[in-house]
Colleague: 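Let me give you the structure first, and then I'll get to my questions.
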Amino acid sequence: MLGCICRCFSISSTYQILSGIAPALDQHRRLMADTGKIASSPLKDPPAMTAETVTETARERYNAAERERHWQSVWEQRETFKASTKNKGPKCYVLEMFPYPSGRIHMGHVRNYALGDVFARHKRSKGFNVLHPMGWDAFGMPAENAAMEKKTHPGKWTYENIAAMKRQLKSMGLSLDWSREFATCDVAYYHQQQRLFLAMYAKGLAYQGVGKVNWDPVDQTVLANEQVIDGRGWRSGAVVEQREMPSWYFRITKYADELLEALNTLDRWPEKVRVMQANWIGRSEGLLMKYQLSGATLPKPKKWSELEVFTTRADTIFGGSFCALSPGHPLTFELAKKNKALQAFIEECGRGGTSAEDLAKAEKLGFDTGIMAAHPLIPDQQIPVYVANFVLMGYGTGAIFGCPAHDQRDYDFAAKYGLKITAVVIPTDENPATYHLPGKSYDGPGAIANSGFLDGMSIDAAKAEVATQLEALKKGKRRTMYRLRDWGLSRQRYWGCPIPIIHCDDCGVQAVPDDQLPVKLPEDVTFDVPGNPLARHPTWKHCACPKCGKPAVRETETMDTFVDSSWYFARFTAPNAATPTDLKSAKYWLPVDQYIGGIEHAILHLLYSRFFARAMIATKHMPSSIKEPFGGLFTQGMVTHETYKSRNGAWLLPGEVRFEGEGDVRRGFEIANGAAVEIGQIEKMSKSKKNLVDPDDIIASYGADCARWFVLSDSPPDRDVIWTEAGVAGASRFIQRVWRLTEESADRAAPVKSPRPATFDAEAIELRRSAHKALNKVAVSIEALRFNVAVAQIYEFASAIQAALPKSGAGHAWALREAAEFLVHMVGPMMPHLGEECWARLGYNTLLADQRWPTVEQALLVDDTITIAVQVNGKRRDELTIARTAANADVEAAALKLEAVVRAMEGKPIRKVIVVPQRIVNVVV
RNA sequence: GCCUUUGUGGCGGAACGGUAGACGCGGCAGACUCAAAAUCUGCUACUCGCAAGGGUGUGGGGGUUCGAGUCCCUCCAGGGGCACCA
């Protein structure tokens with residue numbers, strides 16, 4: 001690739017940016033004057049060129065790296081992409097998930113932002129008023145880790161990373177409105193976030209409660225679930241303890257039903273994500289019911305005389321053979337006070353792995369309390385009460401009734417402890433008298449049996465009957481349960497948004513008054529010992545109680561960084577507002593019309609943002625018209641690459657390997673020492689596997705357009721794309737091809753704004769047809785985010801222009817100009833720098849970015865004659881070219897005359913002929 | 001285990017229930033060249049056949065239909081999510 005540079009002409013060293021865009025012909029002239037430079041090239045002497053020969057022989061290659069900088073600076077100076085509510089056209093808010101400022105962008109970013117940029121640029125060209133902002137999700141642990149390792153301040157580290165990544169993003173040529181940029185660690189941003197928090201606190205949407213947390217005893221901090229690996233802290237390796245600690249929560253469960261129901265309105269979200277969220281919220285309809293307890297071991301106070309359980313299978317109540325309490329149930333604790341063996345059992349349940357896999361494999365364990373429970377509808381039927389390890393305190397009431405016949409967990413438990421297993425739901429095709437369970441529980445459909453007055457009912461009818469009866473007896477209540485828990489937002493960390501709360505011994509929990517906001521992070525902190533730097537800071541937490549004025553202490557916890565990203569999309573609509581949002585701007589821009597990001601955020605970030613939108617409406621920081629924050633969601637696939645391993649087992653970077661051969665005989669060798677390299681699996685680009693390609697390197701050697709074009713080609717955007725050198729080279733070739741086609745077209749085409757000729761010959765019409773068809777398909781594909789299909793259309797159309805170039809005839813020059821301009825329009829959203837360059841080369845001194853997408857002439861989208869397939873008995877035998885408007889009878893007659901059709905009919909009589917106009921003929925014999 | 005996706009040439013992938021394999025990569029051949037590179041033009045699912053022309057093909061099996069990659073049932077394989085949620 002680098003070999004071609006010797007033939008790249010320097011075409012813009014004297015190019016005038018300030019005067020706008022110099023006509024490309026000027027470049028051409030300057031180019032001619034530069035030929036001397038080329039002759040002195042040390043590598044090879046190109047043939048001497050004159051203005052005449054250059055057109056026909058060696059045209060200059062497009063120098064991407066150099067031209068891209070130029071167009072980026074033009075866009076910047078003209079503020080081309082600055083959004084305003086005052087601009088014309090319907091609004092369109094395009095947003096990609098903002099990055100964490102790790103310091104360098106990776107190919108995943110390139111793909112994400114290229115996808116969004118194509119969409120945003122296309123919408124602009126269609127006349128929309130586009131908002132396309134960018135910012136930084138800048139709080140988080142990596143900054144603290146870096147501070148520990150590099151003895152620096154998390155803020156310094158973060159802002160340096162932001163500067164480096166901003167430069168990289170700018171080199172991609174994204175149509176971003178940088179004037180709205182902010183980082184979530186900016187005081188101005190987290191100031192408003194503290195206001196939001198306090199508004200939610202005032203409404204009861206944020207509260208302090210006690211809950212279980214993962215506590216790392218070595219690092220002295222709470223860990224998020226993701227930071228617990230195989231029951232150990234990811235940093236310290238210490239066994240993580242479950243601790244009850246006071247924590248701050250958002251009352252997301254208040255909106256559980258709304259968040260679930262509204263999923264149905266998100267018709268521009270992937271089904272997959274909606275299903276994942278629905279499962280996460282996990283609504284189930286059931287019945288709360290009360291069992292009367294008795295037995296010598298039962299504590300005397302009346303509150304223990306009843307046990308409330310939750311079930312979704314009230315229809316199986318007659319099959320219940322035991323009740324089970326969670327080890328965390330209050331009655332369990334009460335009983336354990338006088339029972340050493342039970343204490344030991346509870347401890348045993350607390351051990352064991354916390355990973356999902358461990359839990360699934362864990363054996364069912366039970367402890368017989370000696371207490372008996374009375375069936376709420378048949379009081380003389382008594383069943384034993386156990387404490388069981390598989391009953392969760394966090395769901396329902398922390399107690400269940402077990403029906404072994406129709407629940408596998410209960411079945412396992414009953415089998416182990418010798419409890420009765422009675423089938424009460426009989427599959428429809430079985431005889432209740434002879435039916436036996438197949439050695440496991442049965443949870444399919446059927447009719448109720450062995451259940452007294454419920455016998456013969458359907459499952460649903462029995463559920464309803466039991467609920468009605470228990471409600472009448474005041475022993476039951478219909479209830480909807482959710483799997484969703486309130487969102488614990490406390491983190492014992494420094495680099496996050498301080499929770500603006502003050503604890504006073506006398507007055508209790510106090511909100512920091514608005515005039516004392518923001519609660520700023522102290523600068524002078526140390527990271528040399530584990531624990532929360534805010535908690536051990538000598539002065540920061542000490543303050544006066546806002547109510548009584550006595551000494552008090554600040555909350556030293558900071559907010560989960562997911563809080564920061566739960567409302568940033570709203571802040572972008574008015575990034576400098578003195579309140580969290582400006583309602584007018586928010587109402588104009590929101591919801592986000594197209595949101596693009598990784599599937600890994602399918603649940604948490606997207607659910608939290610949906611909650612925040614509702615909480616912000618409740619606290620009047622969001623117009624009530626905004627029901628959902630993201631109207632359209634697109635989840636893009638990953639960027640993957642081959643992996644390479646040296647003979648000693650070390651991973652190698654792609655740049656450390658050279659290759660010989662292709663396909664089956666392709667071999668890799670270590671450049672450093674020539675040793676053979678093992679070519680491994682294609683995997684997600686990752687630091688650990690070293691299968692990384694640095695966007696900076698690609699942009700420097702091939703240009704941003706090339707990187708963009710590559711990640712948009714071939715693979716559908718929602719699937720993984722495999723990064724290959726060959727693919728990059730292919731993309732690079734196409735860039736040169738578009739440039740060459742534009743040059744050659746510009747030379748042969750009619751001048752800018754030539755009047756449309758009165759007549760076109762057949763070939764000119766053909767070219768126009770393909771131009772309008774391609775333009776239409778590309779627009780449709782881009783709007784459907786099917787960029788790989790758009791790319792294929794563009795390739796196809798480029799070939800059509802290539803074929804048409806040498807033609808002449810009536811209207812040809814005009815049609816060629818139209819075609820070349822269309823090609824530039826199509827390429828523009830994907831390769832914007834090349835687009836501008838070609839636009840200038842076609843003779844314009846305006847910006848392509850400011851041009852409207854051309855209007856398609858509908859008449860050119862349909863052909864006069866069409867070719868349709870002719871089948872005999874559903875098998876294609878021939879094809880028929882006929883006038884598009886031909887009558888069915890004529891089509892049928894013509895089809896039946898085809899030799900191949902006659903032959904395939906083998907002289908049999910025709911039973912039926914199906915003619916689908918403009919599609920197909922099928923002869924049935 | 002449950003939910004959810006995906007399965008099409010050597011590869012990435014196209015295809016409102018209507019000519020399967022668009023387009024790209026790779027490969028083969030040709031043009032240009034002293035030669036190479038670059039570029040351009042063809043061909044390229046498998047299979048029988050010299051050809052003309054057949055046959056088979058979208059993970060397997062069944063079904064609906066004049067017609068199925070596409071719809072339905074079922075099985076297999078890969079990816080993702082949830083995972084003792086009563």
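Just so it is clear: chains get the letters A, B, ... in the order the sequence lines come, proteins before strands, and each one is counted from 1. Only this structure's heavy atoms are used, side chains among them; waters, hydrogens and symmetry mates stay out.
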Colleague: Under 4.0 Å between any heavy atoms, over every strand shown, what does A/Arg274 touch: base, sugar-phosphate, or nothing? Just pick one.
Modeller: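 Since no nucleic acid heavy atom lies under 4.0 Å of A/Arg274, the category is nothing.
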Colleague: Does A/Arg903 place a side-chain N or O at less than 4.0 Å from the phosphate oxygens OP1/OP2 of B/rG54?
Modeller: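 For B/rG54, OP1 or OP2 has a side-chain N or O of A/Arg903 closer than 4.0 Å.
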Colleague: Students often get this wrong, so: under 4.0 angstrom with heavy atoms, is A/Thr724 touching a base, only sugar-phosphate, or nothing?
Modeller: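 The residue A/Thr724 makes no contact with any strand.
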Colleague: B/rU6 phosphate, OP1 or OP2: any side-chain N/O from A/Arg719 under 4.0 angstrom?
Modeller: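 Checking A/Arg719 against B/rU6: no side-chain N or O falls below 4.0 Å of OP1 or OP2.
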Colleague: B/rC84, B/rA86, B/rC23: which one has an atom nearest the side-chain heavy atoms of A/Tyr795?
Modeller: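 Per side-chain heavy atoms of A/Tyr795, the pick is B/rC23.
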Colleague: Please give the distance between the P atoms of B/rA14 and B/rU6 as a whole number of Å.
Modeller: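 About 11 Å, rounded to a whole number of Å.
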Colleague: For B/rG63 versus B/rA51, give the span between their C1' atoms, rounded off to a whole number of Å.
Modeller: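 Pairwise C1' distance, B/rG63 against B/rA51, rounds to 41 Å.
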Colleague: For A/Arg737, report the nucleic acid contact type (base, sugar-phosphate, nothing); a contact means any heavy atom under 4.0 Å.
Modeller: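 Sugar-phosphate only.
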Colleague: Under 4.0 angstrom, heavy atoms only, what part of the nucleic acid is A/Val721 near: base, sugar-phosphate, or nothing?
Modeller: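 Here A/Val721 touches no strand at all.
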Colleague: Using heavy atoms to find the nearest nucleotide of RNA chain B for A/Arg733 and A/Asn922 separately, return the residue whose nucleotide is more 5′.
Modeller: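 It is A/Arg733, whose closest nucleotide lies nearer the 5' terminus.
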Colleague: Starting the side chain at C-beta, find the nucleotide from B/rU56, B/rG24, B/rA83 nearest to A/Lys875.
Modeller: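 Comparing B/rU56, B/rG24, B/rA83 against the side chain of A/Lys875, the answer is B/rU56.
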Colleague: Heavy atoms from C-beta onward define the side chain here; which of B/rC82, B/rU4, B/rA14 lies closest to that of A/Trp280?
Modeller: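 Among the listed nucleotides, the one closest to the side chain of A/Trp280 is B/rC82.
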Colleague: Counting the atoms with a prime plus P, OP1 and OP2 as sugar-phosphate, which does A/Gln793 contact under 4.0 Å by heavy atoms, base, sugar-phosphate, or nothing?
Modeller: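 Nothing, no heavy atom under 4.0 Å.
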Colleague: Is A/Phe310 touching bases, backbone alone, or none of the nucleic acid, heavy atoms closer than 4.0 Å?
Modeller: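 Answer is base: heavy atoms of A/Phe310 come under 4.0 Å of a base.
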Colleague: Output, in order, the C-alpha distance, side-chain angles, deciding distance and verdict of salt bridge (Lys or Arg N to Asp or Glu O under 4.0 Å) for A/Arg903 and A/Asp878.
Modeller: CA-CA 11 Å; A/Arg903 196 185 321 128; A/Asp878 205 346; over 6 Å; no
Colleague: Considering only B/rC23, B/rU41, B/rA14, which nucleotide approaches the side chain of A/Pro716 most closely?
Modeller: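 The nucleotide sitting nearest to the side chain is B/rA14.
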Colleague: Can you list the steps and then say if A/Ser284 with A/Tyr395 is a side-chain hydrogen bond (donor to acceptor under 3.5 Å, both in side chains)?
Modeller: CA-CA 11 Å; A/Ser284 49; A/Tyr395 188 79; 2.6 Å; yes
Colleague: Would you say that A/Thr253 contacts A/Tyr482 through its side chain, given a criterion of any heavy-atom pair below 4.5 Å between the two side chains?
Modeller: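 They are not in side-chain contact.
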Colleague: Between B/rG81, B/rC84, B/rA86, which nucleotide gets closest to the side-chain atoms of A/Thr311?
Modeller: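 Of B/rG81, B/rC84, B/rA86, B/rA86 is nearest to the side chain of A/Thr311.
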Colleague: Looking at the angle O4'-C1'-N9-C4 for a purine or O4'-C1'-N1-C2 for a pyrimidine, is B/rG67 syn or anti, with syn meaning within 90° of 0?
Modeller: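 Because its glycosidic torsion lies more than 90° from 0, B/rG67 adopts the anti conformation.
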Colleague: Taking only the side-chain heavy atoms of A/Glu879 (C-beta and beyond), determine which of B/rC84, B/rU19, B/rA86 contains the nearest atom.
Modeller: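 Shortest atom-to-atom distance from the side chain points to B/rU19.
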Colleague: Contact class for A/Ser713 vs. all strands (heavy atom < 4.0 Å): base, sugar-phosphate, or nothing?
Modeller: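 A/Ser713: no heavy atom of the nucleic acid under 4.0 Å.
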Colleague: If you only use heavy atoms from C-beta on, which nucleotide in B/rG81, B/rU19, B/rG12 is closest to the side chain of A/Ile603?
Modeller: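 Per side-chain heavy atoms of A/Ile603, the pick is B/rG81.
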Colleague: What interatomic distance, in whole Å, is found between C1' of B/rU56 and the corresponding atom of B/rG42?
Modeller: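 Between the two C1' atoms, the distance is 27 Å.
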Colleague: Can you tell me if the side-chain N/O atoms of A/Arg877 get under 4.0 Å from OP1 or OP2 in B/rU19?
Modeller: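 No, A/Arg877 has no side-chain N/O under 4.0 Å of OP1/OP2 on B/rU19.
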Colleague: Taking only N and O in the side chain of A/Arg876, is any of them less than 4.0 Å away from OP1 or OP2 of B/rG67?
Modeller: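 Checking A/Arg876 against B/rG67: no side-chain N or O falls below 4.0 Å of OP1 or OP2.
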Colleague: With sequence neighbours excluded, tell me which residues meet salt bridge (charged side-chain N to carboxylate O under 4.0 Å, His left out) with A/Lys807.
Modeller: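 Result, salt bridge (charged side-chain N to carboxylate O under 4.0 Å, His left out) vs A/Lys807: A/Glu763.
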Colleague: Quick check on B/rA86: is either OP1 or OP2 less than 4.0 Å from any side-chain nitrogen or oxygen of A/Arg483?
Modeller: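 For A/Arg483, the contact criterion (side-chain N or O under 4.0 Å from OP1 or OP2 of B/rA86) is not met.
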Colleague: Using OP1 and OP2 only, check whether a side-chain N or O of A/Ser284 sits under 4.0 Å from B/rA86.
Modeller: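 Yes, within the criterion.
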Colleague: Where each residue is assigned the nucleotide of RNA chain B containing its nearest heavy atom, which of A/Arg786 and A/Asp878 is assigned the position nearer the 5′ end?
Modeller: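 Mapping each residue to its closest nucleotide by heavy atoms, the 5'-most match is A/Arg786.
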Colleague: Please determine, for the side chain of A/Asp714, which listed nucleotide (B/rG24, B/rU5, B/rA86) has the closest atom?
Modeller: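 The nucleotide sitting nearest to the side chain is B/rG24.
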Colleague: Is it true that A/Arg283 and A/Asp257 make a salt bridge, defined as a side-chain N closer than 4.0 Å to a carboxylate O?
Modeller: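 Counted as a salt bridge, because a side-chain N and a carboxylate O are separated by less than 4.0 Å.
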Colleague: Reckon A/Asn788 has a side-chain N or O less than 4.0 Å from the OP1 or OP2 of B/rC23?
Modeller: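 Result: no.
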Colleague: Show, in sequence, the C-alpha distance, side-chain angles and deciding distance for A/Trp280 and A/Tyr608, and conclude whether the ring-ring contact (aromatic ring centres under 6.0 Å, His included) test is met.
Modeller: CA-CA 12 Å; A/Trp280 186 265; A/Tyr608 291 156; 8.8 Å; no
Colleague: Closer than 4.0 Å, any side-chain N/O of A/Gln802 to the OP1 or OP2 of B/rC40?
Modeller: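 Looking at the OP1 and OP2 atoms of B/rC40, one of them is under 4.0 Å from a side-chain N or O of A/Gln802.
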Colleague: Looking for any heavy atom pair under 4.0 Å, which part of the strands does A/Gln871 touch: base, sugar-phosphate only, or nothing?
Modeller: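 If one applies the 4.0 Å heavy-atom cut-off, A/Gln871 turns out to touch a base.
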Colleague: Can you name the one residue among A/Phe367, A/Tyr417, A/Phe413, A/Phe401 that meets ring-ring contact (aromatic ring centres under 6.0 Å, His included) with A/Phe322?
Modeller: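 With A/Phe322 as partner, A/Phe367, A/Tyr417, A/Phe413, A/Phe401 yield a single ring-ring contact (aromatic ring centres under 6.0 Å, His included), made by A/Phe413.
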Colleague: Name the nucleic acid region contacted by A/Val924, choosing base, sugar-phosphate or nothing; use a 4.0 angstrom heavy-atom cut-off, strictly under.
Modeller: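 Counting heavy atoms under 4.0 Å across all strands, the contact made by A/Val924 is with sugar-phosphate only.
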Colleague: Let's see if you can work this out: which of B/rU6, B/rC23, B/rA38 has an atom nearest to the side-chain heavy atoms of A/Ala792?
Modeller: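 Closest of the options to the side chain of A/Ala792: B/rC23.
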